[in-house]
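Whatever order the structure lists ligands and atoms in, that order sets their numbers, starting from 1.
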Amino acid sequence: MQYKAVIFDLDGVLVFTDKYHYLAWKKLADKLGIEFTEKDNDRLRGVSREESLNIILEKYRGEPISPEQKKEYLEEKNDIYRKSLGEMTRDDVAKEVRETLKKLRDAGYKLAIGSSSKNTAYILERTELTDAFDAVSDGTMITRSKPDPEVFLKAAELLSENPSDCLVVEDADAGVTAAHAAGMDVAAIGTATTSGRADYNLDKFEELYDICEG
Ligand code: BG6
Ligand code: MG
């Protein structure tokens with residue numbers, strides 16, 4: 001065993017909620033007359049809801065927006081997003097994801113979530129994944145989101161493991177930076193594979209097991 005624990009990002013790694021984030025932001029961006037593509041959305045991966053809005057507003061050219069108005073936009077986006085989450089079921093978790101989680105746990109690895117999302121508990125509940133993890137570190141427990149290492153260090157602490165014994169699984173560039181800043185190796189999946197900065201690139205989720213075994 002190369003590692004004692006595996007810390008999983010949630011959106012875009014275990015479930016494809018990254019698509020729902022995009023669609024909800026897109027609705028808001030359209031309303032504000034801001035161009036917003038799936039490529040723009042990649043910059044929002046791993047970063048908090050508030051920081052995401054600030055990134056989207058970089059292209060805003062209208063009247064100044066007050067802090068209260070920003071708060072309303074955040075709520076509006078989250079309401080749209082939560083409606084999509086409300087339709088999720090256990091079938092939204094791919095078979096290879098559920099099987100790999102079980103295989104890792106049966107082999108003795110501790111498993112945790114390390115996500116910037118404040119909707120983590122709701123997503124885990126909808127998809128019946130809550131019991132698959134020994135600890136959950138999420139956006140409700142941190143003051144700085146990725147690329148800051150806080151969420152991953154918190155996960156290691158909750159698991160009582162040294163950061164160097166943890167492997168992180170991420171789809172976000174900000175998450176790769178956060179994992180390394182925490183002193184953890186990282187396996188990238190999807191978007192995060194393109195930078196070449198991760199310690200491993202996953203073509204398929206199930207490759208994770210062999211990586212952990214070394
Ligand atoms: C991360 C997503 O997991 O959670 C980001 O990659 C998102 O795109 C962040 O902004 C915060 O999510 P939420 O659910 O708290 O709005
Ligand atoms: Mg992600």
Side-chain angles (χ1 to χ4, degrees), residues 6-29 36-58 70-88 92-94 97 112-127 129-130 133 136-152 154-155 167-180 182 184 186-195 197-198 201-202 205 208:
V6 189
I7 304 173
F8 295 88
D9 172 54
L10 179 62
D11 299 318
V13 169
L14 298 176
V15 283
F16 297 108
T17 42
D18 45 340
K19 181 80 187 170
Y20 301 144
H21 273 299
Y22 168 67
L23 293 172
W25 283 126
K26 173 82 180 143
K27 226 176 195 169
L28 182 68
F36 183 63
T37 63
E38 292 209 41
K39 185 143 179 36
D40 294 324
N41 190 58
D42 283 342
R43 280 182 69 200
L44 313 185
R45 288 178 191 273
V47 307
S48 72
R49 199 179 306 164
E50 291 76 10
E51 287 167 78
S52 297
L53 178 61
N54 287 335
I55 292 172
I56 290 169
L57 290 177
E58 284 172 7
K70 269 195 188 177
K71 219 172 143 237
E72 277 175 34
Y73 289 153
L74 289 170
E75 276 168 25
E76 199 176 316
K77 184 266 170 174
N78 197 47
D79 287 348
I80 301 168
Y81 178 60
R82 299 254 314 182
K83 275 207 186 95
S84 303
L85 298 184
E87 282 165 27
M88 291 182 86
D92 286 291
V93 179
V97 169
I113 294 284
S115 167
S116 303
S117 174
K118 293 185 172 129
N119 289 300
T120 296
Y122 186 45
I123 296 169
L124 294 177
E125 183 199 312
R126 291 289 329 161
T127 55
L129 272 178
T130 311
F133 297 93
V136 175
S137 171
D138 70 22
T140 65
M141 303 169 181
I142 54 170
T143 53
R144 299 174 301 277
S145 81
K146 301 168 192 175
D148 191 280
E150 188 179 2
V151 78
F152 293 138
K154 181 86 198 160
L167 175 71
V168 166
V169 189
E170 260 294 349
D171 72 311
D173 280 338
V176 173
T177 306
H180 283 159
M184 300 175 184
V186 52
I189 194 159
T191 311
T193 59
T194 51
S195 73
R197 290 191 301 119
N201 285 330
L202 299 176
F205 193 88
L208 197 55

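Under the side chain to side chain contact (heavy atoms under 4.5 Å, CB included) criterion, T194 pairs with no residue at all, not counting sequence neighbours. R144 pairs by the salt bridge (charged side-chain N to carboxylate O under 4.0 Å, His left out) definition with D148, E150, not counting sequence neighbours. Applying the ring-ring contact (aromatic ring centres under 6.0 Å, His included) rule to Y22 yields the partners F36; only residues at least two apart in sequence or on another chain are considered.
Heavy atoms from other residues, nucleotides or ligands lying under 6.0 Å from CZ of F16 number 12 at most.
Of the inter-residue distances, the one linking H21 atom NE2 with S84 atom OG reads 10.0 Å to the nearest 0.5 angstrom. To the nearest 0.5 Å, atoms CG (L167) and CD1 (I7) are separated by 8.5 Å.
Salt-bridge check for D9 with K146: passed, with a basic side-chain N closer than 4.0 Å to an acidic carboxylate O.
Sorted by chain then number, the residues whose non-hydrogen atoms approach ligand 1 to under 4.0 Å are D11, H21, L44, R45, G46, V47, S48, R49, S52, Y81, S115, S116, S117, K118, N119.
When you scan the N, O or S atoms of D11 for the one nearest the Mg ion (ligand 2), you land on O.
The Mg ion (ligand 2) lies at the vertex of an angle of 90° between the OD2 atom of D9 and the OD1 atom of D171 (rounded to 10°).
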